[in-house]
Amino acid sequence: MTTYYPTVNKVEFEGRTSTNPFAYRYYNPDQVVLGKTMKEHLPFAIAYWHTMIQDGTDPFGGVTNKRTWFGNSEIETAKNRVEAFFEILSKLQVSYFCFHDVDIAPQGNSLEEFFNNLDVITDLIKEKMDETGIKCLWNTANMFSHARFNNGAASSNNAEVFALAAAQVKKGLDIAKKLNAENYVFWGGREGYETLLNTDLAFEQDNIARLFKMAISYGEEIGHKPQFLIEPKPKEPSKHQYDFDAATTMAFIQKYGLEGDFKLNLEANHATLAGHTFEHELCVARSYNALGSIDANQGDLLLGWDTDEFPTNVYDVTLAMYEILENGGLGKGGINFDSKVRRSSHEMEDLLLAHIAGIDTFARGLLNAAKIKEESFLSDIKEERYATYKTGIGRSILEGKEDLKSLTEYALEHDDVELASSHIEYVKSLLNDYIYSDHSNTIKVQPIRK
Ligand code: XLS
Ligand code: CA
Ligand code: CA
């Protein structure tokens with residue numbers, strides 16, 4: 001069997017003092033944290049498009065990445081990629097993967113040829129899955145790269161394009177069934193618009209919902225109904241995206257009655273593009289009981305476009321992991337590294353090193369968030385902050401016993417309110433201890449002396 005990494009063994013946990021670049025220093029799959037193993041808390045997945053396809057090209061220059069899987073034909077390269085991908089997954093001890101249809105198989109000269117190629121490659125993927133026990137977290141149809149999707153897929157002004165998109169979704173669901181994928185993602189790259197001068201916004205959104213409903217019925221028909229996920233993103237490529245952020249997407253899900261079947265796949269870099277923190281997006285989804293899965297990466301605040309960097313910011317990841325713990329985990333979802341190596345990290349080894357960095361960052365984030373939760377650091381602060389709702393008038397408001405008249409009577413008697421300080425700088429300084437100290441002592445917030 002060909003090996004693409006002959007000199008690298010399986011990446012194992014060696015502890016924080018390890019100097020081996022191909023070892024985990026924080027991710028210890030069997031370590032128990034808050035009653036679950038790290039492996040259970042962190043269902044990592046690798047993204048086919050960034051790991052196997054991305055070549056380092058940017059708008060100013062061509063290919064930089066050195067890759068050893070190119071064969072004599074497109075289909076041979078596609079097969080080699082599958083071999084290499086499963087070697088990467090196995091060596092990193094990652095149990096899940098995600099892909100777009102166009103990532104794995106050549107599109108050929110017709111839709112029929114594309115579908116045939118997909119059958120050949122998914123047969124091979126299935127073999128590798130059976131051999132290794134690695135699973136498909138989600139698949140999706142790329143309905144944004146082909147020129148036909150210039151004006152959208154389901155939201156296109158052209159009904160023929162809607163039909164082509166529907167065919168890709170049907171094939172995607174057949175593949176989801178074949179590979180037993182637990183989730184199916186819709187990221188509407190071109191589902192948005194350029195200008196209202198030629199756009200019927202409500203009609204286009206109705207059509208997107210029509211396609212989603214067809215997907216639900218087809219899943220029922222074939223007896224494989226994955227958890228459907230919509231992935232919000234505010235811009236790139238569309239100027240106005242219909243799925244701008246978690247809140248906008250929840251409004252869409254509710255408007256069309258898709259709550260039971262659809263949840264959200266939230267990406268860190270998309271949150272920052274929308275002007276939110278990642279934890280905000282996770283918290284919004286959580287408040288609707290719709291946190292499905294996450295795309296783990298980070299953006300660059302100085303750049304403002306979708307850089308899809310590997311997550312290495314422990315601060316942000318800690319706050320994200322805290323939301324995930326508060327959600328009770330990700331259910332059927334997982335942590336997909338929708339991340340690409342920088343153009344200058346062009347060696348084959350960088351694919352492993354970058355994933356190790358992301359995985360260790362999430363392990364550190366998990367340990368920090370677990371300590372925050374164990375010591376009820378943030379929950380105590382919130383408990384205290386809303387304390388006025390526990391007794392007296394606050395309690396009465398919550399119990400529905402008050403109205404505008406009764407509250408006016410109350411307010412006239414009590415118009416001298418004393419607000420408690422949030423001591424937010426003190427809180428942030430303690431948070432630094434949870435994030436950057438070794439957790440050897442209790443950090444917990446102490447009452448401030450009056
Ligand atoms: C692009 C998106 C995309 C989705 C899947 O910005 O992140 O890769 O995750 O289509
Ligand atoms: Ca993504
Ligand atoms: Ca992205």
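Every heavy atom of this structure was used, including side-chain atoms; hydrogens, water molecules and symmetry mates were not. Just so you know, ligand 1 is whichever comes first in the structure, and atom 1 is the first atom listed for that ligand. We count residues from 1, following the sequence as given.
Note on Glu236: not counted as a metal contact of the Ca ion (ligand 3), no N/O/S atom lying under 3.0 Å.
The proximity of Asn265 to ligand 1, defined as any non-hydrogen pair under 4.0 Å, does not occur for either the backbone or the side chain.
Residue Glu267 has at least one heavy-atom neighbour below 4.0 Å for each of these atoms of ligand 1: 7 (O). Here is the list of ligand 1 atoms found below 4.0 Å of a heavy atom in Asp295: 9 (O).
Looking at Asp306 next to ligand 1, an N or O pair under 3.5 Å apart turns up. Of the polar atoms of Asp338, at least one N or O is found under 3.5 Å from an N or O of ligand 1, judged by distance alone. Residue contacts with ligand 1: Asp308 is placed with no nitrogen or oxygen under 3.5 Å of a nitrogen or oxygen of the ligand (distance criterion only). Taking any N or O of His100, backbone or side chain, at least one lies under 3.5 Å from an N or O belonging to ligand 1.
Of all protein N/O/S atoms, those lying under 3.0 Å from the Ca ion (ligand 2) come to 4.
Between His240 and Tyr193, the two ring planes are parallel [angle under 30°; tilted spans 30° to 60°]. By the 30° and 60° cut-offs, the orientation of the rings of His276 relative to His280 is parallel.
With Asn80 contributing its side chain and Trp69 its backbone, the two residues share a donor-acceptor pair below 3.5 Å. Checked by atom type and distance alone, the side chain of Gln298 never pairs as donor or acceptor with a backbone atom of Glu309 at under 3.5 Å. In this structure, Glu113 contributes its side chain and Phe115 its backbone to no donor-acceptor pair below 3.5 Å. Ser339 contributes a side-chain N or O that, together with a main-chain N or O of Ala296, makes up a donor-acceptor pair within less than 3.5 Å.
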For this session: Please lay out, stage by stage, how Ile175 and Phe99 fare under the test side chain to side chain contact (heavy atoms under 4.5 Å, CB included).
Result: CA-CA 11 Å; Ile175 291 173; Phe99 64 94; 3.8 Å; yes
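Between Tyr48 and Phe97, the ring center distance fails the sub-6.0 Å criterion. Less than 6.0 angstrom separates the ring centroid of Trp187 from the ring centroid of Phe144.
Around the CG atom of Asn289, the shell of radius 6.0 Å holds no more than 12 heavy atoms that belong to other residues, nucleotides or ligands.
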Check: residues 250-263 side-chain donor-acceptor pairs under 3.5 Å, at least two apart:
from	atom 1	to	atom 2	distance (Å)
Tyr256	OH	Asp206	N	3.3
Tyr256	OH	Asp206	OD1	2.7
Asp261	OD1	Lys225	NZ	2.7

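The closest approach between Glu236 and ligand 1 stays at or above 4.0 Å for every heavy atom of the residue.
Nearest protein heavy-atom neighbour of atom 3 (C) of ligand 1: Trp187 CE3, 3.6 Å. If you check which protein heavy atom lies closest to atom 2 (C) of ligand 1, you get Glu231 OE2, 3.4 Å. If you check which protein heavy atom lies closest to atom 6 (O) of ligand 1, you get Lys233 NZ, 2.9 Å.
Leu282 is not listed as a side-chain neighbour of Leu319, based on a closest heavy-atom distance of 4.5 Å or more.
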